[in-house]
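Report on the structure given below.
Each chain gets a letter, A, B and so on, in the order its sequence line appears, and its residues count up from 1.
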2 protein chains.
Amino acid sequence: MARTAGSHSDITGPKVREAALKLFARGGYAAVSMRAIAAEVGVQVGALYNYTPDKQSLLFDLMEGHMSDLLAAVQDDLSGSATARLQEFVAFHIRFHHARPDAVFIAYMELRNLTDDNFKRIEALRGQYEGGLERILRDGVAAKEFQIVDTKIATLAIIAMLTGVNTWFRAGGRLSLEEVTAQYWEMVRRAVT
Amino acid sequence: MARTAGSHSDITGPKVREAALKLFARGGYAAVSMRAIAAEVGVQVGALYNYTPDKQSLLFDLMEGHMSDLLAAVQDDLSGSATARLQEFVAFHIRFHHARPDAVFIAYMELRNLTDDNFKRIEALRGQYEGGLERILRDGVAAKEFQIVDTKIATLAIIAMLTGVNTWFRAGGRLSLEEVTAQYWEMVRRAVT
DNA sequence: GTCTATATAGCGATAGAC
DNA sequence: GTCTATCGCTATATAGAC
């Protein structure tokens with residue numbers, strides 16, 4: 001309305017992030033040029049630098065945003081049994097990751113393209129998320145609901161298994177996400193008891 | 001001996017592949033230049049093209065070589081029980097992948113940098129390997145050793161879980177590879193029975 | 001806020017001398 | 001088989017006009 005023609009900071013900013021997310025996931029950080037991102041947004045390359053100081057910050061912001069969303073969304077109702085908490089974690093992990101495949105892909109594939117400092121910050125967030133699962137497993141062992149020799153190994157094994165769903169599951173296929181979740185939960189449940 | 005000075009095709013060829021393997025694993029295919037590979041080998045960039053027609057072929061040859069090695073090494077002794085065959089598969093997968101972390105990393109991370117044709121060929125090899133595991137699971141279900149709703153899902157879940165070992169296990173740490181293998185086998189065994 | 005133009009650097013691949 | 005030199009192109013990032 002009272003806005004200067006050509007001024008679109010509130011629109012272009014999110015569009016830059018969306019374009020980078022899509023293109024990084026498709027082609028890889030190193031292979032995607034700032035020109036390609038600008039073309040996807042519909043501006044010239046110089047305009048991108050109103051929204052990010054450089055390409056590295058763009059990558060880091062995407063990964064940090066994803067990990068923050070993940071940590072904000074995960075819940076752990078301590079009043080339930082460890083088994084119930086683990087079942088909720090499995091369902092949450094599959095559901096959350098399925099809903100944002102591009103961000104998940106980038107978070108796993110582009111770690112090595114982060115600077116050392118940025119890498120440490122992302123790894124710390126990842127450690128926090130893993131800690132949430134391990135706490136459930138340890139509580140389950142203490143309550144004699146689970147039999148697990150090493151809860152750290154079990155944590156990593158479960159997360160690797162669950163995240164793998166994103167590499168093959170596509171909606172509209174032979175199975176629904178609910179069926180897939182039920183079968184993964186059954187495997188996880190057996191593996192820890 | 002009777003060799004022309006400066007002629008080192010039998011030495012340089014493998015060194016080019018080794019250098020590319022190491023650098024691709026560390027920095028990613030797109031981020032590694034032919035100049036960087038030449039420097040790692042100790043030659044000038046022009047010399048590389050005596051050993052590969054282009055950079056893409058270098059990547060494909062590494063990935064195809066890895067998958068061929070994997071398929072040649074995996075064994076399935078059909079005379080054993082499905083449980084014994086699965087245990088051997090778990091131990092083999094962890095052992096084989098642990099021995100060549102760079103090749104494994106590239107095989108998973110650089111798929112999107114393959115041309116369409118090359119991608120299809122690598123995916124076919126991967127499908128062959130997964131088929132070997134699924135055959136064990138199906139036989140185990142038929143023999144009532146395993147209870148699995150969907151052997152395809154179980155195949156993908158088990159492989160994702162086992163391959164995840166490479167992302168965190170380092171020799172000389174808290175646990176030996178044998179101990180890790182034993183714990184993964186315990187989780188897999190429970191998950192399918 | 002976006003544009004065009006440009007600085008500076010590096011890329012994959014090839015040609016031709018030795 | 002390896003080297004040096006080079007072609008043609010693209011990269012990130014910045015400067016200054018509007």
Every protein N/O within reach of nucleotides 13-16 of chain D N/O, cut-off under 3.5 Å:
{"from": "dA13(D)", "atom 1": "OP2", "to": "Tyr49(A)", "atom 2": "OH", "distance (Å)": "3.1"}
{"from": "dA13(D)", "atom 1": "OP2", "to": "Lys55(A)", "atom 2": "N", "distance (Å)": "3.1"}

If you apply the rule side chain to side chain donor-acceptor pair (under 3.5 Å), what do you find for His93(B) with Tyr184(B), and how did you get there? CA-CA 11 Å; His93(B) 187 99; Tyr184(B) 272 78; over 6 Å; no
Would you compute the distance between atom CG of Leu62(B) and atom CG of Asp102(B) and round it to the nearest 0.5 angstrom? 10.0 Å
So, is Ser33(A) near the phosphate of dT10(D), with a side-chain N or O under 4.0 Å from OP1 or OP2? no
Compare side-chain N and O positions of Thr12(B) against OP1 and OP2 of dT2(D) and report whether any pair is under 4.0 Å apart. yes
In whole angstroms, the gap separating P of dC11(C) from CG of Leu23(B) amounts to 12 Å
Applying side-chain hydrogen bond (donor to acceptor under 3.5 Å, both in side chains) to Glu179(B) and not counting sequence neighbours gives Ser176(B)
Over 60° means perpendicular and under 30° means parallel, so tell me whether Phe24(B) and Tyr29(B) are parallel, tilted or perpendicular. perpendicular
In whole Å, I'd like the distance from the CG atom of Leu58(B) to the P atom of dG12(C). 11 Å
Round to the nearest Å and state the distance from Asn50(B) atom CG to dT2(D) atom P. 6 Å
Side-chain N or O of Gln44(B) less than 4.0 angstrom from OP1 or OP2 on dT2(D)? no
Search all heavy atoms of Met109(B) against all heavy atoms of Arg112(B) and return the closest pair with its distance. O-NE, 4.3 Å
Should the pair Phe92(A) and Tyr129(A) be assigned to parallel (<30°), tilted (30 to 60°) or perpendicular (>60°) ring geometry? tilted
Determine the contact category for Val41(A): base if any of its heavy atoms lies under 4.0 Å from a base atom, sugar-phosphate if only primed atoms, P, OP1 or OP2 are that close, otherwise nothing. nothing
